[in-house]
Amino acid sequence: MNSQQSRYVNLVLGIWLFISAFVWHHSQAQFTNTWIMGIIVAVVAVISLSVPAFRYVNTLAGAWLVVSGFALPKANYGTTWNNVIVGVIVFALSLVPSLAATRTTRDRLAT
């Protein structure tokens, strides 16, 4: 998967987080965290398409989703696991380097 694709997948995951906050029962803290993090992940993914280094904000967002999944009061475990799984994927995809960075590294290794 290239960097552009990973940013679009993170955009979709952010939209999913936002929607999932309203689809099933959450504790108040989980509800607020989920819809806010959904917006953050989606907006950061869009900005990262033109400012590749901004993707590291989603690295932090993904880490927070994992931590908050276990730290916030729970209404059900489905929400916990949804946020943790999405957090792990967002975190991993945010570490996919930009195409320009990949080319630079490859050029350095070739010389």
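One-based numbering along the sequence shown.
- Here the closest non-hydrogen pair linking His26 and Phe31 is CB-N, 3.5 Å.
- Taking the six-membered ring for Trp and thresholds of 30 and 60 degrees, Trp24 and Trp16 have ring planes inclined between 30 and 60 degrees apart.
- Side-chain heavy atoms closer than 4.5 Å link hydrophobic residues (I, L, V, M, F, W, Y) into clusters, and following such links, even through other members, never connects Leu95 to Leu60.
- Thr34 contributes atom OG1, which lies 3.5 Å from atom CG of Asn83 (distance to the nearest 0.5 angstrom).
- Pairing each heavy atom of Arg7 with each of Pro97, the nearest pair is NH2-C, 4.2 Å.
- Residues Ser94 and Asn10 bring no donor and acceptor atom of their side chains to less than 3.5 Å of each other.
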>> For Thr80 and Gln30: C-alpha separation, side-chain torsions, deciding distance, then whether side chain to side chain contact (heavy atoms under 4.5 Å, CB included) applies.
In response: CA-CA 8 Å; Thr80 298; Gln30 283 177 321; 3.5 Å; yes
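- For Ser68 (side chain) and Leu65 (main-chain N/O), a donor-acceptor pair under 3.5 Å exists by modelled atom type.
- Residue Tyr77 places its OH atom among 12 or fewer non-hydrogen atoms of other residues, nucleotides or ligands, all under 6.0 Å distant.
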>> Please determine whether side-chain hydrogen bond (donor to acceptor under 3.5 Å, both in side chains) holds for the pair Asn82 and Thr79, giving the CA-CA distance in whole Å, both sets of side-chain angles, and the decisive distance to 0.1 Å.
In response: CA-CA 5 Å; Asn82 177 67; Thr79 298; over 6 Å; no
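- In terms of modelled atom types and a separation under 3.5 Å, the side chain of Ser48 and the main chain of Arg55 share a donor-acceptor contact.
- When the side chains of ILVMFWY residues are joined at heavy-atom separations under 4.5 Å, either directly or via intervening members, Leu93 and Ile39 end up in a single hydrophobic cluster.
- Closest non-hydrogen pair, Val96 versus Ser6, comes out as CB-OG, 3.7 Å.
- In the hydrophobic clustering of ILVMFWY residues, with side-chain heavy atoms under 4.5 Å counting as a link, Met37 and Tyr56 come out apart.
- Clustering ILVMFWY residues whenever any of their side-chain heavy atoms sit less than 4.5 angstrom apart, transitively, puts Val46 in the very cluster that holds Ile89.
- Remark: side-chain polar atoms of Ser27 are paired, donor with acceptor, to backbone N or O of Pro73 under 3.5 angstrom.
- Nearest heavy atoms, Ala61 versus Val41: CB-CG2, 4.0 Å.
- For Trp64 and Phe91, the gap between ring centers reaches or exceeds 6.0 Å.
- Residues Val12 and Ile40 do not share a hydrophobic cluster, defined by chaining ILVMFWY side chains whose heavy atoms lie under 4.5 Å apart.
- The two residues Val66 and Gly87 have their closest heavy-atom pair at CG2-C, 4.0 Å.
- The shortest non-hydrogen separation linking Gln4 to Leu49 is OE1-CD2, 3.4 Å.
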